[in-house]
Amino acid sequence: MTEKKIIITLDGWSSCGKSTLAKALARELGYVFVDSGAMYRAITLYFLNNSIDLSDLKQIEKALANIELTFVFNPTRGASDIILNCQNVESSIRDMAVASRVSEVAAIPLVRQFAVQQQQRLGKNKGIVMDGRDIGTVVFPDAELKIFMTASKEIRVKRRFQELVQKDAAITIEEVRENLEQRDHMDSNRKESPLRQANDARVLDNTDLTEQQQFELALGWAKEVIAQPL
Ligand code: DC
C-alpha cells in the first residue's frame with residue numbers, strides 16, 4: 001500500500017526558522033518544499049526593478065501579467081531556487097532593498113491573488129510542505145497538518161542578523177530589528193490575509209529548541225498524521 005500524502009503548512013513570524021524546518025521535513029518525507037515568501041520577494045524585486053508605482057492598480061496588473069515564477073532544485077542548498085522570468089533571483093530577493101518593501105507589496109490584494117493561485121496549483125498533488133503567513137488559513141485551509149511557528153523577538157533578530165551580515169558586513173543589529181518589527185506589524189495588521197494562527201494549527205515555539213529538536217517534534221506530528229486512516 002502506498003503511503004498517504006499530505007499537505008503540511010508552516011506559518012509564523014519573520015525569521016522563526018520556518019524555511020529551515022520546512023526544507024528538512026520535505027527532505028525527510030520526500031515532499032516538495034515551497035517557500036511562499038520567496039514568491040512575494042521575487043514579485044517585489046520585479047516591481048522595484050521596473051519602478052512600479054504601488055498605488056497604481058493598472059500598473060500592478062500589467063506587471064503581474066509579465067511575471068513568471070518557477071522553482072528549480074539547487075542540489076547545493078538542497079532546496080529550490082526561485083526563478084523570475086528565466087533569471088535565478090534566489091540571492092537578490094534576500095537583500096535589504098527587497099526586505100524593506102516586501103510587506104507593502106504582499107499587502108496588495110491583486111498580488112496575493114496572483115501568488116495564492118500559483119501556490120494552490122503547486123499543492124494539487126499533495127506531498128508538499130509550504131511555509132508562509134497564510135498557508136494554513138487561506139492557501140490550504142484543509143491541510144492535514146498545520147504548524148504555527150513562533151520564537152522570541154530577540155532570538156529572531158539575532159538569527160536574521162547572522163544571516164544578513166554574511167552578505168553585508170556593514171549592516172547593524174538595530175537595522176535588522178527595525179525591519180523585523182515593521183514586517184511583523186504589517187504582516188499581522190494588513191487587511192488582506194493577515195498572519196494569524198489557524199484554529200487547528202499546532203504551535204511550535206522554538207525559542208529554546210535546537211534545529212534537531214524542532215525537526216524531531218514536527219516530524220513526529222507528520223508521521224502521526226500520515227499514519228491516520230484516510
Ligand atoms: O517569509 P519571508 O520573510 O521570506 O516573507 C517575506 C514577506 O512576504 C513577509 O514580510 C510577509 C510576506 N508573506 C506573506 O504575506 N504571505 C506569505 N504566504 C509569505 C510571505
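Just so you know, ligand 1 is whichever comes first in the structure, and atom 1 is the first atom listed for that ligand. Note that the structure is a prediction, hence the values are computed from the model and not measured. For the numbers below, each heavy atom of this structure counts, side chains included, while hydrogens, waters and symmetry mates do not.
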Inset, instruction - Under 4.5 Å between side-chain heavy atoms, chaining through other members, with only Ile, Leu, Val, Met, Phe, Trp and Tyr counted: pull out the rest of the cluster around Leu25, sorted by chain and number. - result: Ile6, Ile8, Leu10, Leu21, Leu29, Tyr31, Val129, Leu145, Ile147, Met149, Leu204, Leu209, Phe215, Leu217, Leu219, Trp221, Val225, Ile226

Legend entry - Pairs flagged by salt bridge (charged side-chain N to carboxylate O under 4.0 Å, His left out) wherever residues 102-111 is involved - sequence neighbours left out: Arg101-Glu104

Legend entry - Distance-only donor-acceptor check, side chains Glu216 and Gln212, under 3.5 Å: yes

Inset, instruction - For ligand 1, list the protein residues that place a heavy atom within a distance below 4.0 Å of one of its atoms, sorted by chain and number. - result: Ser36, Gly37, Tyr40, Arg41, Val102, Ser103, Ala106, Arg112, Gly132, Arg133, Asp134, Ile135, Arg160, Arg183, Asp187, Arg190

Legend entry - Residue from Arg94, Lys18, Arg41 passing salt bridge (Lys or Arg N to Asp or Glu O under 4.0 Å) with Asp35: Arg94

Legend entry - Pair Ser15-Arg156, side-chain donor/acceptor within less than 3.5 Å: no

Inset, instruction - Using side chain to side chain contact (heavy atoms under 4.5 Å, CB included) as the criterion, list what pairs up with Lys158, not counting sequence neighbours. - result: Gln162

